[in-house]
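Take a look at the structure set out below.
Model, not experiment: these values are computed from the prediction.
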Amino acid sequence: MGIVSVNQSLADRPQCPYCQSSKVIKYGHANGKQRFYCHECGKTYLYSTGTLTANSHFSRSIWADFIHDTLVGASLDFSAEKFGFSHQTAFNMRHKVLMALQDMLEKEPVLLSGIAELDETFVLDCYKGKTVPTEANRTARKHGATAAKRGISNEYIAICTGIQRDGKAIAETVNRAKPSGKELYEIFGTHICEETLILTDGLRSYNSLGAATGCTVMDVNHEENKKLFNLNTVNSMHSYIKETYNHYRGVATKYLNRYNALFSIAFRCAGGLATSLFLSLCNIGNSCYWHGVYDVRNYRLVIL
Ligand SMILES: [Zn+2]
């Protein structure tokens with residue numbers, strides 16, 4: 001028995017994933033799995049149709065365990081060995097989970113309001129097995145090595161984060177350097193309510209974000225504001241991101257926004273998360289969280 005009770009919410013006859021009709025009947029089996037037939041649109045489907053686990057040979061409980069591993073920052077090699085998968089299989093499963101999380105954030109976008117802390121954190125770039133792009137302006141770094149230069153050099157990729165006290169969070173990468181006002185607007189523009197109080201460390205770019213979104217921007221390092229406001233919540237999110245990022249061991253930069261989706265969701269609700277995420281991603285409904293291997297290689301890459 002896994003950590004997650006995976007069958008608790010399986011409906012006897014789930015509604016049709018194509019047309020959401022409930023006029024459905026059980027319709028024999030396909031490869032040992034219960035099949036259903038929709039009287040409304042005439043299509044057949046399985047419990048897994050349109051979910052994260054569609055077309056997978058692995059059971060729901062294996063997926064549930066795998067999602068749990070992903071959330072706690074297990075490396076792919078760890079999961080591959082534990083389940084007896086090849087590294088490539090574990091990689092594909094990991095990325096199917098991450099892409100589904102991105103889809104989920106797109107379907108239910110985060111909207112910051114009230115008081116929100118906005119800041120950036122930096123992680124070392126990573127071009128595993130690939131030529132380092134000329135913009136990075138350096139030769140390949142050995143695994144586990146630190147940056148050649150000190151401070152925020154070109155070797156770091158920025159993760160822009162915004163978070164409310166209750167944990168509702170956004171994390172996204174658009175570039176390597178400190179973000180410009182335009183880049184901040186790209187990330188937060190549609191995810192921040194008017195009149196939100198934005199707390200920052202004084203980086204100028206946030207002022208133009210404030211002007212563009214109708215929000216007030218407050219520099220917490222300013223003498224007057226120091227006593228009342230701080231960036232504690234966003235700082236603890238940054239610690240969480242760095243720790244988890246290092247656990248994964250060598251996240252290639254092009255996949256960073258997939259992991260950012262995980263960071264923003266996972267930091268929000270640590271407890272019971274694996275179960276609720278599994279149920280959201282793997283239960284039939286009116287959304288599609290399935291991605292194929294083509295997507296694993298090409299979907300939503302960060303190209304810098
Ligand atoms: Zn239907």
request  = Please lay out, stage by stage, how Phe36 and Tyr47 fare under the test ring pair (Phe, Tyr, Trp, His ring centres under 6.0 Å).
outcome  = CA-CA 8 Å; Phe36 301 93; Tyr47 275 117; 5.1 Å; yes

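- Side chains of Ile62 and Ser56 form no contact here, defined as non-hydrogen atoms less than 4.5 Å apart.
- Contact of the Leu256 side chain with the Val123 side chain is registered, since non-hydrogen atoms from C-beta on lie closer than 4.5 Å.
- Two residues are said to be in side-chain contact when any heavy atoms from C-beta on lie closer than 4.5 Å; Tyr18 and Glu40 fail this criterion.
- Cluster annotation: Phe58 and Val293 are assigned to distinct hydrophobic clusters (Ile/Leu/Val/Met/Phe/Trp/Tyr, side-chain heavy-atom contacts under 4.5 Å, transitive).
- Looking only at atom types and distance, the side chain of Ser79 has a donor-acceptor partner in the side chain of Asp69 under 3.5 Å away.
- Through side-chain heavy atoms spaced under 4.5 Å, either directly or across other Ile, Leu, Val, Met, Phe, Trp or Tyr residues, Ile25 is tied to Tyr27, Tyr37.
- Sorted by first and then second residue, the pairs that involve residues 209-255 and meet ring-ring contact (aromatic ring centres under 6.0 Å, His included), not counting sequence neighbours, are Phe91-Tyr255, His95-Tyr255, Tyr240-Phe267, Tyr248-Tyr259.
- Tyr289 is listed as a side-chain neighbour of Lys107, based on a closest heavy-atom distance under 4.5 Å.
- Between Thr51 and Trp290, the side chains place no donor N or O within less than 3.5 Å of an acceptor N or O (distance only, hydrogens not considered).
- Within the structure, salt bridge (charged side-chain N to carboxylate O under 4.0 Å, His left out) pairs that include any residue of residues 97-106 comprise Asp103-Arg300, Glu106-Arg300 (at least two apart or interchain).
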query = Stepwise, does the side chain to side chain contact (heavy atoms under 4.5 Å, CB included) test hold for His87 with Leu76?
reply = CA-CA 7 Å; His87 181 89; Leu76 287 176; 3.7 Å; yes

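- Counting only residues at least two apart or on different chains, the side-chain hydrogen bond (donor to acceptor under 3.5 Å, both in side chains) pairs with a member in residues 194-213 are Glu120-Tyr206.
- Nearest heavy-atom pair, Gln164 versus Ser113, reported as atom, atom and distance to 0.1 Å: OE1-N, 2.8 Å.
- Among residues two or more places apart in sequence or in another chain, the side-chain contact (heavy atoms from CB on, under 4.5 Å) test is passed with Asn257 by Gln102, Glu172, Thr173, Asn260, Val302.
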message = Under the criterion side chain to side chain contact (heavy atoms under 4.5 Å, CB included), I'd like the reasoning laid out for Thr253 against Asp125: C-alpha separation, chi angles, the key distance, then a yes or no.
response = CA-CA 6 Å; Thr253 297; Asp125 61 13; 3.5 Å; yes

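- Within the 4.5 Å cutoff, side-chain heavy atoms of Thr121 are placed close to those of Ile159.
- For the pair Leu111 and Ile192, the minimum side-chain heavy-atom distance is 4.5 Å or more.
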task = Might you work through the side chain to side chain contact (heavy atoms under 4.5 Å, CB included) test for Leu262 and Thr70, ending with a clear yes or no?
result = CA-CA 9 Å; Leu262 179 139; Thr70 297; 3.6 Å; yes

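- Minimum interatomic distance between Lys23 and Ser21 (heavy atoms only, all atoms of both residues): N-OG, 3.0 Å.
- In the hydrophobic clustering of this structure, Val72 does not group with Trp63; members are Ile, Leu, Val, Met, Phe, Trp, Tyr whose side-chain heavy atoms approach within less than 4.5 Å, directly or through other members.
- Nearest heavy atoms, Lys168 versus Val110: CG-CG1, 3.7 Å.
- For the pair Phe122/Arg176, no side-chain contact is recorded, criterion being any heavy-atom separation below 4.5 Å from C-beta on.
- The shortest distance between side-chain heavy atoms of Tyr45 and Pro14 falls below 4.5 Å.
- Across all non-hydrogen atoms, the minimal contact from Gly73 to Thr244 is CA-CG2, 4.1 Å.
- Checking Thr89 against Ser86 by side-chain atom types alone, a donor-acceptor pair falls below 3.5 Å.
- Residue-environment remark: NE2 (His29) exceeds the threshold of 12 foreign heavy atoms within 6.0 Å.
- Summarising the local packing, CG of Asn31 is surrounded by 12 or fewer heavy atoms from other residues, nucleotides or ligands at distances under 6.0 Å.
- Between Glu117 and Arg165, at least one side-chain N (NZ, or NE/NH1/NH2) sits under 4.0 Å from a carboxylate O, which counts as a salt bridge.
- In the hydrophobic cluster analysis, where Ile, Leu, Val, Met, Phe, Trp and Tyr join through side-chain heavy atoms closer than 4.5 angstrom, Ile163 is grouped together with Ile115.
- Of all heavy-atom pairs between Thr161 and Ala171, the closest is CG2-CB, 4.0 Å.
- Hydrophobic clustering (ILVMFWY, side-chain heavy atoms < 4.5 Å, transitive): Tyr294 and Leu301 are in distinct clusters.
- Residues Ala30 and Leu46 approach most closely at CB-CD2, 4.0 Å, considering heavy atoms.
- Within the structure, salt bridge (charged side-chain N to carboxylate O under 4.0 Å, His left out) contacts touching residues 25-39 (residues at least two apart or in different chains) are Asp12-Lys26.
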query = Hey, mind stepping through Leu118 and Val234 against side chain to side chain contact (heavy atoms under 4.5 Å, CB included) and telling me if it holds?
reply = CA-CA 7 Å; Leu118 271 60; Val234 77; over 6 Å; no

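- In this structure, Asp295 contributes its side chain and His291 its backbone to no donor-acceptor pair below 3.5 Å.
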